[in-house]
*Asks:* 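Here it is, the structure in full.
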There are 2 protein chains.
Amino acid sequence: MTTPAARTPEHEPAHGQSGARVAQGIRDAILKGDLAPGERLRQEELAARFGASRVPVREALRTLAAEGLVTLVANSGAWVAKLSAAEVTELYGIRERIEPLLLQYSIAGLASETVDRLEELAEQMEQTTDADAFILLDRQFHLLSYSGADTLVLEVMATELWNRTQHYRRQFVAASRNAGDRRADLDHRLMIAAIRSNDAQEASSVLAMHIRRTLRELDRLPGVFE
Amino acid sequence: MTTPAARTPEHEPAHGQSGARVAQGIRDAILKGDLAPGERLRQEELAARFGASRVPVREALRTLAAEGLVTLVANSGAWVAKLSAAEVTELYGIRERIEPLLLQYSIAGLASETVDRLEELAEQMEQTTDADAFILLDRQFHLLSYSGADTLVLEVMATELWNRTQHYRRQFVAASRNAGDRRADLDHRLMIAAIRSNDAQEASSVLAMHIRRTLRELDRLPGVFE
DNA sequence: TATCGCATGATTGGATCCAATAGATAGGGA
DNA sequence: TCCCTATCTATTGGATCCAATCATGCGATA
């Protein structure tokens with residue numbers, strides 16, 4: 001009667017691929033800030049946390065290490081990746097060159113409702129005072145602005161770059177917005193305007209400047225890197 | 001008398017980290033062309049080939065998948081990654097923006113003996129008729145030109161980009177050099193000249209053009225993508 | 001008192017065994 | 001003849017057990 005595949009218990013999110021599930025769980029925890037850079041990741045702890053054995057945990061750690069979110073040392077252990085100021089500078093330099101390219105791919109494919117949604121997000125960012133809410137909105141804004149791209153490699157790469165720098169962006173946003181810096185809001189509005197008028201060139205140069213300026217502010221910020 | 005650590009058998013390359021060793025082995029095989037895009041990778045086969053069990057093999061596959069060299073499908077298997085024309089175009093677009101940046105980081109740190117070595121490699125490329133030898137030299141040339149950079153992220157990323165496109169470069173080189181195209185040789189000489197005169201700007205724009213031209217030729221080439 | 005050596009425990013790495021899934025194949029019915 | 005279904009097998013995914021490694025702390029010695 002029922003096919004074997006239908007016997008999957010419903011209280012479990014489809015038995016298959018626990019390794020990928022664990023990786024996503026750890027990734028989310030790092031992005032949310034639950035796991036801070038430098039923090040030790042013990043295999044057994046993670047296994048208990050995700051209801052799996054250590055084998056899929058180890059696979060997940062390998063995946064995350066290749067993504068740059070985790071640092072693995074042989075026979076020693078795993079830590080949430082902690083970046084030096086130089087590394088963050090490099091990553092922003094890369095973002096500055098990759099993301100404008102991706103935005104160019106994207107613009108033609110953005111439906112006007114999507115641009116409306118971008119505008120909504122920009123408005124919410126302008127109004128929010130909570131730094132955590134802001135960085136979430138900011139991430140949504142930028143990644144959504146890339147969603148019109150029919151790309152396979154670039155979007156993945158951009159997402160990974162955002163993931164690796166997420167923690168440092170959090171620190172930066174808290175400080176810069178407290179200091180009353182609203183330049184990012186302006187940039188977002190300029191980007192939206194350029195996108196609406198289908199000016200890919202203008203949009204991508206605004207974006208490049210936006211990223212570059214963020215880096216400059218981040219470099220100036222004391223206490224982010226000890 | 002002897003410490004426990006000294007009991008390690010000598011015929012084995014230091015028991016530790018078989019997973020990383022397997023990953024490197026598969027990676028090398030893909031880069032050499034022993035494993036072609038689209039080829040199925042069976043865990044048991046790989047385990048036997050590298051004298052390990054399936055556990056480290058699976059970890060290696062996860063690593064390579066994150067690097068883009070292997071495609072994993074849940075409950076189905078692993079294949080050597082096969083790129084579409086669109087993906088290769090994206091990767092070259094990324095290379096065109098990343099590698100000139102890396103070269104800029106590198107130039108100041110290149111010892112003059114290193115530049116001599118670059119010149120040697122350029123000469124060997126000009127003289128060789130063997131396509132396989134050429135792509136090896138070409139890879140050495142470019143990666144060596146980045147060796148003056150004191151970077152952590154960029155060099156890794158550049159190497160991964162080279163790895164992912166290696167197979168398609170092989171096809172391209174065989175065809176274009178048979179057709180008598182020696183433009184790459186000229187580019188290499190121009191790059192060396194710019195490096196010698198410490199002109200980072202010139203060097204990186206030559207490099208960007210070099211990469212862009214390669215992509216254009218590759219796109220024009222029939223039969224690389226079926 | 002400081003330092004070196006050594007034993008012990010915590011943790012990672014690997015192999016084997018078992019479970020689950022997917023693809024192939026053979027059989028039956030319209 | 002074609003197609004649908006059920007079974008069987010090859011292969012992947014996960015858990016447990018064992019081995020190897022590293023860090024900690026204790027004690028002996030100069």
Side-chain angles (χ1 to χ4, degrees), chain A residues 1-27 35 38-66 69-81, chain B residues 1-27 35 38-66 69-81:
Chain A
M1 287 294 150
T2 62
T3 67
R7 291 198 307 99
T8 308
E10 282 141 27
H11 52 89
E12 273 289 326
H15 203 226
Q17 263 344 64
S18 167
R21 189 171 53 83
V22 173
Q24 190 57 48
I26 301 174
R27 195 183 289 117
L35 295 171
E39 197 161 327
R40 174 75 184 265
L41 296 173
R42 256 169 259 271
Q43 296 179 4
E44 203 128 14
E45 251 177 53
L46 295 169
R49 178 169 177 169
F50 293 101
S53 83
R54 281 175 45 226
V55 172
V57 168
R58 277 164 54 185
E59 290 177 16
L61 290 174
R62 283 295 177 90
T63 298
L64 296 168
L69 285 179
V70 159
T71 302
L72 279 180
V73 177
N75 289 319
S76 176
W79 290 263
V80 178
Chain B
M1 283 295 147
T2 61
T3 68
R7 290 198 308 97
T8 307
E10 282 140 25
H11 53 89
E12 273 291 324
H15 204 225
Q17 262 345 63
S18 166
R21 187 170 56 82
V22 173
Q24 188 58 48
I26 301 175
R27 195 182 289 117
L35 295 172
E39 196 161 328
R40 174 76 182 265
L41 297 172
R42 257 167 257 271
Q43 296 178 5
E44 202 127 16
E45 252 176 50
L46 295 169
R49 177 169 175 171
F50 294 102
S53 84
R54 280 174 46 225
V55 172
V57 168
R58 277 164 54 184
E59 291 176 16
L61 290 175
R62 283 296 178 90
T63 298
L64 296 168
L69 284 179
V70 160
T71 302
L72 279 180
V73 177
N75 289 317
S76 177
W79 290 262
V80 178

*Asks:* Between A:Val73 and B:Ser76, which residue's closest nucleotide on DNA chain C lies nearer the 5′ terminus?
*Replies:*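 Its nucleotide being nearer the 5' end, the pick is A:Val73.
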
*Asks:* Per the side chain to side chain contact (heavy atoms under 4.5 Å, CB included) rule, which among A:Val73, A:Leu35, A:Val70 passes with A:Trp79?
*Replies:*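 Checked A:Val73, A:Leu35, A:Val70 against A:Trp79; only one passes side chain to side chain contact (heavy atoms under 4.5 Å, CB included): A:Val73.
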
*Asks:* Within this structure, what is the CD-to-C1' distance between A:Glu45 and C:dT12, rounded to whole angstrom?
*Replies:*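 Atom-to-atom, A:Glu45 to C:dT12, this comes out as 14 Å.
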
*Asks:* Going by the side chain to side chain contact (heavy atoms under 4.5 Å, CB included) test, name the single residue among B:Leu64, B:Leu69, B:Leu41 that passes it with B:Val80.
*Replies:*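 Answer to the side chain to side chain contact (heavy atoms under 4.5 Å, CB included) test with B:Val80 among B:Leu64, B:Leu69, B:Leu41: B:Leu41.
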
*Asks:* On a plain distance test, is the side chain of A:Arg58 in donor-acceptor contact with the base of C:dG14 below 3.5 Å?
*Replies:*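 Side chain to base: pair found, below 3.5 Å.
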
*Asks:* Could you check A:Ala74 against A:Ala52 and say which one's nearest nucleotide on DNA chain D is further toward the 5' end?
*Replies:*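 It is A:Ala52 whose nearest nucleotide is closer to the 5' end.
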
*Asks:* Specify the separation, in whole Å, of atom CD of A:Glu44 and atom P of D:dT16.
*Replies:*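 Value for this atom pair: 11 Å.
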
*Asks:* If you check the A:Asn75 side chain, which of D:dT21, D:dG14, C:dG14 turns out closest?
*Replies:*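 When the side chain of A:Asn75 is considered, D:dT21 is the closest of D:dT21, D:dG14, C:dG14.
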
*Asks:* Of all the nucleotides listed (C:dG14, D:dG14, C:dG23), which has the minimum atom distance to the side chain of A:Ser18?
*Replies:*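 For A:Ser18, the side-chain atoms sit closest to D:dG14.
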
*Asks:* Using whole Å, report how far CZ of A:Arg54 lies from C1' of D:dT16.
*Replies:*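 In whole Å, D:dT16 C1' and A:Arg54 CZ are 10 Å from each other.
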
*Asks:* For a quick test of reading the model: is some side-chain N or O of A:Arg40 closer than 4.0 Å to OP1 or OP2 of D:dA23?
*Replies:*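 Answer no for this pair, as no side-chain N or O of A:Arg40 is under 4.0 Å from OP1 or OP2.
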
*Asks:* Give the intermediate values and the outcome of side chain to side chain contact (heavy atoms under 4.5 Å, CB included) for residues A:Ser18 and A:Val22.
*Replies:* CA-CA 6 Å; A:Ser18 167; A:Val22 173; 4.0 Å; yes

*Asks:* Which part of the nucleic acid does A:Leu41 contact within heavy-atom distance under 4.0 Å: base, sugar-phosphate only, or nothing?
*Replies:*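 Touches sugar-phosphate only.
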
*Asks:* Nearest to the A:Ser53 side chain among C:dT11, C:dA15, D:dT16, which nucleotide is it?
*Replies:*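 Ranking C:dT11, C:dA15, D:dT16 by closest atom to the A:Ser53 side chain puts D:dT16 first.
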
*Asks:* Nearest 0.5 angstrom please: B:Glu59 CD to A:Arg58 CZ, how far?
*Replies:*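 If I round to the nearest 0.5 Å, the distance is 4.5 Å.
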
*Asks:* Taking for each residue the nucleotide of DNA chain C with the nearest heavy atom, is it B:Val55 or A:Ala78 whose nucleotide lies nearer the 5' end?
*Replies:*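 Nearest-nucleotide comparison on DNA chain C picks A:Ala78.
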
*Asks:* Distance alone, cut at 3.5 Å: any donor-acceptor contact between the side chains of B:Arg27 and B:Gln24?
*Replies:*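 The criterion, which ignores hydrogens and geometry beyond distance, is satisfied for B:Gln24 and B:Arg27.
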
*Asks:* Write down the distance between CH2 (A:Trp79) and P (D:dC22), rounded to a whole number of angstrom.
*Replies:*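 Value for this atom pair: 12 Å.
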
*Asks:* Of all the choices, C:dC17, C:dT12, D:dA15, which nucleotide is nearest to the side chain of A:Pro56 once you look at every atom?
*Replies:*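 The nucleotide sitting nearest to the side chain is D:dA15.
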
*Asks:* Counting only side-chain N and O atoms of B:Gln17, is one of them less than 4.0 Å from OP1 or OP2 of D:dT21?
*Replies:*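 Checking D:dT21 against B:Gln17, no side-chain N or O comes under 4.0 Å of OP1 or OP2.
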
*Asks:* In whole angstrom, what separates B:Leu61's CG from D:dT11's P?
*Replies:*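 Distance check: B:Leu61 CG to D:dT11 P gives 15 Å.
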
*Asks:* Whole Å only: how far is the CG atom of A:Leu46 from the P atom of C:dT12?
*Replies:*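 To the nearest whole Å, that distance equals 9 Å.
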
*Asks:* Contact class for A:Arg42 (heavy atom, under 4.0 Å): base, sugar-phosphate, or nothing?
*Replies:*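 Touches sugar-phosphate only.
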
*Asks:* Are OP1 or OP2 of C:dG13 and a side-chain N or O of A:Gln43 less than 4.0 angstrom apart?
*Replies:*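 Yes, such a contact exists.
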
